[in-house]
Amino acid sequence: MRRILPLLILAALTLVAAQALAQESITKLAPEAFGKFQRPPALFAHDKHNEKAKLDECVVCHHGGADGKQDKSASTEGTPCADCHKVKPAGKATGLQRAYHKQCIDCHRAKGKGPLACGQCHKR
Ligand code: HEC
Ligand code: HEC
Ligand code: HEC
Ligand code: HEC
């Protein structure tokens, strides 16, 4: 155990570092789930955006939930929206395009800051 512990700690730290890098490197969103895109990928420089917008809490965007019920207290950073929001949702569930649009645009509207027009996010 005494030999394995440092390795486990190293593995955990590497994982955290890799995740931080993964989000730092995001500049646009183009989830594969859509397959074909009608619009250019939406601009979203993950870390810069969240710094400028002063969003310290990950769960503001990375919520949890299951079986049609959202859980606004469970943080799910690292889980793609598409894992829970299908492109063609069943019943009243929020589809993937609507999930992004509602989350992004509702906040921009509420704060009176951030783009609202199609071409400001889907920039060529
Ligand atoms: C303004 C909304 C928002 C906030 C706040 C936010 N994120 Fe994200 N994050 C996103 C979106 C959107 C994606 C892309 C998700 C997808 O691919 O479906 C993402 C992706 C990620 C990924 C996956 C990276 C990859 O390449 O797979 C990680 C990890 C992540 N975020 C971590 C965090 C952490 C940690 C925080 C808090 C410090 C945070 N996020 C805050 C919106 C946000
Ligand atoms: C672990 C599963 C899960 C993940 C990951 C997830 N959601 Fe959700 N989300 C839900 C559930 C469950 C609901 C409630 C049922 C519904 O509306 O489909 C919901 C509801 C929503 C709603 C409608 C309610 C509201 O807040 O206005 C939006 C918008 C939304 N999600 C956006 C997103 C975005 C954007 C992402 C990725 C950054 C994301 N979700 C990631 C499970 C998830
Ligand atoms: C909880 C609030 C919130 C959410 C959710 C949010 N934004 Fe923003 N966004 C802001 C604010 C506030 C600004 C203005 C920041 C400033 O310049 O002061 C902004 C600015 C922007 C800008 C302008 C350039 C920049 O990076 O500052 C873009 C592009 C943008 N948002 C895209 C998105 C996208 C795409 C999503 C959804 C994945 C999203 N935003 C979700 C609050 C939010
Ligand atoms: C605040 C930023 C924002 C605004 C404003 C916005 N979108 Fe989006 N949109 C997104 C994000 C994020 C996605 C999911 C990732 C992607 O496709 O780039 C998306 C996805 C889409 C998709 C599905 C993917 C594709 O390209 O086929 C379509 C279609 C779309 N948006 C059309 C529009 C139209 C039309 C408008 C104006 C009425 C608009 N969007 C306004 C952020 C935005």
Side-chain angles (χ1 to χ4, degrees):
M1 193 58 198
R2 224 178 280 156
R3 277 166 183 237
I4 290 172
L5 200 60
L7 285 177
L8 284 178
I9 291 170
L10 189 70
L13 286 176
T14 311
L15 197 73
V16 169
Q19 282 209 335
L21 273 180
Q23 79 210 44
E24 203 177 81
S25 63
I26 296 178
T27 56
K28 292 175 179 184
L29 298 175
E32 278 172 28
F34 283 116
K36 270 181 79 183
F37 290 87
Q38 294 169 38
R39 299 263 165 177
L43 300 179
F44 184 66
H46 192 283
D47 285 8
K48 275 193 198 139
H49 173 277
N50 295 346
E51 247 170 63
K52 252 200 199 165
K54 301 190 178 69
L55 304 175
D56 300 327
E57 295 211 38
C58 314
V59 75
V60 169
C61 298
H62 295 287
H63 57 246
D67 303 326
K69 281 198 111 176
Q70 194 180 27
D71 183 352
K72 289 192 177 167
S73 62
S75 203
T76 58
E77 58 265 19
T79 308
C81 314
D83 276 17
C84 299
H85 295 282
K86 300 301 161 202
V87 174
K88 293 201 171 79
K92 286 193 209 147
T94 307
L96 189 58
Q97 184 179 328
R98 184 171 156 72
Y100 284 112
H101 280 169
K102 197 165 187 306
Q103 183 168 87
C104 310
I105 296 168
D106 275 9
C107 179
H108 292 169
R109 214 171 259 142
K111 301 221 176 191
K113 272 187 188 171
L116 300 173
C118 318
Q120 290 176 296
C121 286
H122 298 285
K123 216 169 195 163
R124 281 187 199 280

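Counting convention: from 1, in listed order, for ligands and their atoms alike.
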- Task: For atom 14 (C) of ligand 2, find the nearest protein heavy atom and state the residue, atom name and distance (0.1 Å precision).
- Result: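 Checked against all protein heavy atoms, atom 14 (C) of ligand 2 sits closest to Q70 N, 3.6 Å.
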- Query: Nearest protein heavy-atom contact for atom 36 (C) of ligand 1: which residue, which atom, what distance?
  - Reply: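 Answer for atom 36 (C) of ligand 1: C58 SG, 2.8 Å.
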- With atoms numbered from 1 as shown, which atoms in ligand 1 lie under 4.0 angstrom from a non-hydrogen atom of N50?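 Listed by number with element: 1 (C), 3 (C), 4 (C), 5 (C), 6 (C), 7 (N), 41 (C).
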- Considering the heavy atoms of L55, write down every atom of ligand 1 situated less than 4.0 Å from one of them.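 It comes down to these atoms of ligand 1: 1 (C), 5 (C).
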- Query: Hey, does L29 sit under 4.0 Å from ligand 3 if you only count heavy atoms?
  - Reply: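 Yes.
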- ligand 3 contact by K48, heavy-atom criterion under 4.0 angstrom: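 So K48 does not count as touching ligand 3.
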Any N/O of [X] closer than 3.5 Å to an N/O of ligand 1?
X: C81; answer: yes
X: Q23; answer: no
X: H46; answer: yes
X: Y100; answer: yes

- Message: Distance check below 2.8 Å: does H49 bring an N, O or S atom to atom 8 (Fe) of ligand 3?
- Response: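 True for H49.
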Using a strict 4.0 Å cut-off to heavy atoms of [X], name the atoms of ligand 2 that fall inside it.
X: A93; answer: 18 (O)
X: C61; answer: 38 (C)
X: A66; answer: 12 (C)

- Query: Is there a heavy atom of V60 sitting under 4.0 angstrom from any atom of ligand 1?
  - Reply: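 The answer is no: ligand 1 sits nowhere under 4.0 Å from a heavy atom of V60.
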- Query: Is G78 near ligand 1, meaning one of its heavy atoms is under 4.0 Å from it?
  - Reply: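 It does; at least one heavy atom falls under 4.0 Å.
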- For ligand 1, is any non-hydrogen atom under 4.0 Å from A22's backbone (N, CA, C, O), its side chain (CB onward), both, or neither?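 The answer is both.
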- Query: Among A53, C104, A110, whose heavy atom sits nearest atom 38 (C) of ligand 3?
  - Reply: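 Residue with the shortest heavy-atom distance to the ligand atom: C104.
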- Task: Kindly confirm whether atom 8 (Fe) of ligand 2 is within less than 2.8 Å of some N/O/S atom in H85?
- Result: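 Yes.
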